[in-house]
S.K.: 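Once you've had a glance at the structure underneath, I'll fire off some questions.
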2 protein chains.
Amino acid sequence: MTEENSSAFEAHQNLLRLRQSIDNIDSALIYILAERFRLTQAVGELKATHKMPPADLQREAEQIIRLRETAKSAHLDPDFAEKFLAFIIREVIQHHKAIALQKAMT
Amino acid sequence: MTEENSSAFEAHQNLLRLRQSIDNIDSALIYILAERFRLTQAVGELKATHKMPPADLQREAEQIIRLRETAKSAHLDPDFAEKFLAFIIREVIQHHKAIALQKAMT
């Protein structure tokens with residue numbers, strides 16, 4: 001094996017190793033997200049039963065502040081953490097609206 | 001306290017309890033995401049050093065199939081899992097491009 005080939009082989013092995021860890025982390029993220037949606041499903045049902053509005057801007061503002069702080073202490077870009085939360089909340093609010101609609105129809 | 005008030009109070013207490021769990025889960029997600037970015041940062045550096053392209057469509061296709069399966073077993077909407085992965089990968093590829101650009105400039 002030439003030196004260049006050997007270095008390319010080693011790089012590829014390193015890539016595979018890193019990807020295996022990324023895959024494990026992604027599985028963990030999916031299971032935790034599933035649990036988060038079970039909780040927000042319960043919130044959605046509670047809100048629909050008690051006719052509370054699906055979105056809560058004050059709660060969202062507090063979550064953003066808190067998660068930006070958490071991101072800093074985890075050395076994660078706080079802007080990314082905020083985008084991530086917005087992505088999740090968009091999905092959750094859609095679910096809440098669907099639950100409220102379903103309750104209104106039954 | 002009237003019955004209606006008591007029920008509203010209980011609902012609010014339940015909401016606070018659920019939100020506390022959601023906050024704990026969000027902190028866990030942020031710490032795991034931070035670890036994921038440490039790994040993809042290492043992938044980005046490896047790719048830049050060995051002049052591999054930032055995106056890898058075959059790898060992404062495999063990740064989608066795998067995560068949709070994981071989502072099913074976690075009772076999470078597989079479409080949401082796929083959207084979530086796309087969201088993360090978009091961010092990672094931007095990081096990889098930035099790393100490659102930085103390496104090219106130094």
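Predicted model, so just to flag it, every value in this text is computed and none were measured. Within every chain, numbering begins at 1; the chains are lettered A, B, ... in the order of the sequence lines, protein sequences first and strands thereafter.
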S.K.: Ring-plane angle category for B:Phe37 and B:His95, please: parallel below 30°, perpendicular beyond 60°, tilted otherwise.
M.R.: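 Judged by the thresholds at 30° and 60°, the geometry between B:Phe37 and B:His95 is tilted.
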S.K.: Are A:Ile89 and A:Ile65 linked, directly or through other ILVMFWY residues, by side chains that come within less than 4.5 angstrom of each other?
M.R.: no
S.K.: Relative to chain A, which segment of B:Lys47 carries a heavy atom at a distance below 4.5 Å: side chain, backbone, both, or neither?
M.R.: side chain
S.K.: Mind ranking A:His12, A:Arg66, A:His50, A:His75 by heavy-atom pairs under 4.5 Å with chain B and telling me who comes out on top?
M.R.: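 The answer is A:Arg66.
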S.K.: A:Ala28, A:Ser73, A:Ala81: which one forms the most heavy-atom pairs within less than 4.5 Å of chain B?
M.R.: A:Ser73
S.K.: Could you measure the distance from the CG atom of A:Asp23 to the OG1 atom of B:Thr70? Nearest 0.5 Å is fine.
M.R.: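 OG1 of B:Thr70 is found 9.0 Å from CG of A:Asp23.
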S.K.: Between CG of B:Asn24 and CD1 of B:Ile22, what distance do you get to the nearest 0.5 Å?
M.R.: 10.5 Å
S.K.: Of the backbone (N, CA, C, O) and the side chain (C-beta and beyond), which part of A:Leu46 lies under 4.5 Å from a heavy atom of chain B, both, or neither?
M.R.: side chain
S.K.: Can you tell me which of A:Gln63, A:Glu91, A:Arg19 forms the most heavy-atom pairs within a distance under 4.5 Å of chain B?
M.R.: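 If we count pairs closer than 4.5 Å to chain B, A:Arg19 comes out on top.
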S.K.: Among the options A:Leu15, A:Leu67, A:Asp26, pick out the one with the most heavy-atom pairs lying under 4.5 Å from chain B.
M.R.: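 Greatest number of close heavy-atom pairs with chain B: A:Asp26.
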S.K.: Which one wins on heavy-atom pair count under 4.5 Å against chain A: B:Leu29, B:Asn14, B:Ile32?
M.R.: B:Leu29
S.K.: Go through B:Ile88, B:Asp56, B:Thr49, B:Asp77 and name the one with the most non-hydrogen pairs under 4.5 angstrom from chain A.
M.R.: B:Asp56
S.K.: Any idea which of B:Ala71, B:Ala8, B:Ser27 has the most non-hydrogen atom pairs under 4.5 angstrom with chain A?
M.R.: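 Top count of heavy-atom pairs under 4.5 Å with chain A: B:Ser27.
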S.K.: CG of B:Leu16 to CD of B:Gln20: how many Å apart, nearest 0.5 Å?
M.R.: 9.0 Å
S.K.: Quick one: does any side-chain atom of A:Arg36 pair with a main-chain N or O of B:Ile25 as donor and acceptor, under 3.5 Å?
M.R.: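 No.
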S.K.: Going by an N to O cut-off under 4.0 Å, is there a salt bridge joining B:Glu35 and B:Arg38?
M.R.: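 Between B:Arg38 and B:Glu35 there is a salt bridge, with a charged N closer than 4.0 Å to a carboxylate O.
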S.K.: What part of A:Arg59 gets within 4.5 angstrom of chain B, counting heavy atoms only: side chain, backbone, both, or neither?
M.R.: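 When you check distances to chain B, only side chain atoms of A:Arg59 fall under 4.5 Å.
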S.K.: Evaluate the side-chain contact (heavy atoms from CB on, under 4.5 Å) criterion for residues B:Val92 and B:Gln41: first the C-alpha distance (whole Å), next the side-chain angles of each, then the deciding distance (0.1 Å), finally the verdict.
M.R.: CA-CA 8 Å; B:Val92 167; B:Gln41 179 87 6; over 6 Å; no
S.K.: Which bit of A:Asp79 is near chain B, if near means a heavy-atom gap under 4.5 Å: side chain, backbone, both or neither?
M.R.: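 For A:Asp79, neither part sits under 4.5 Å from chain B.
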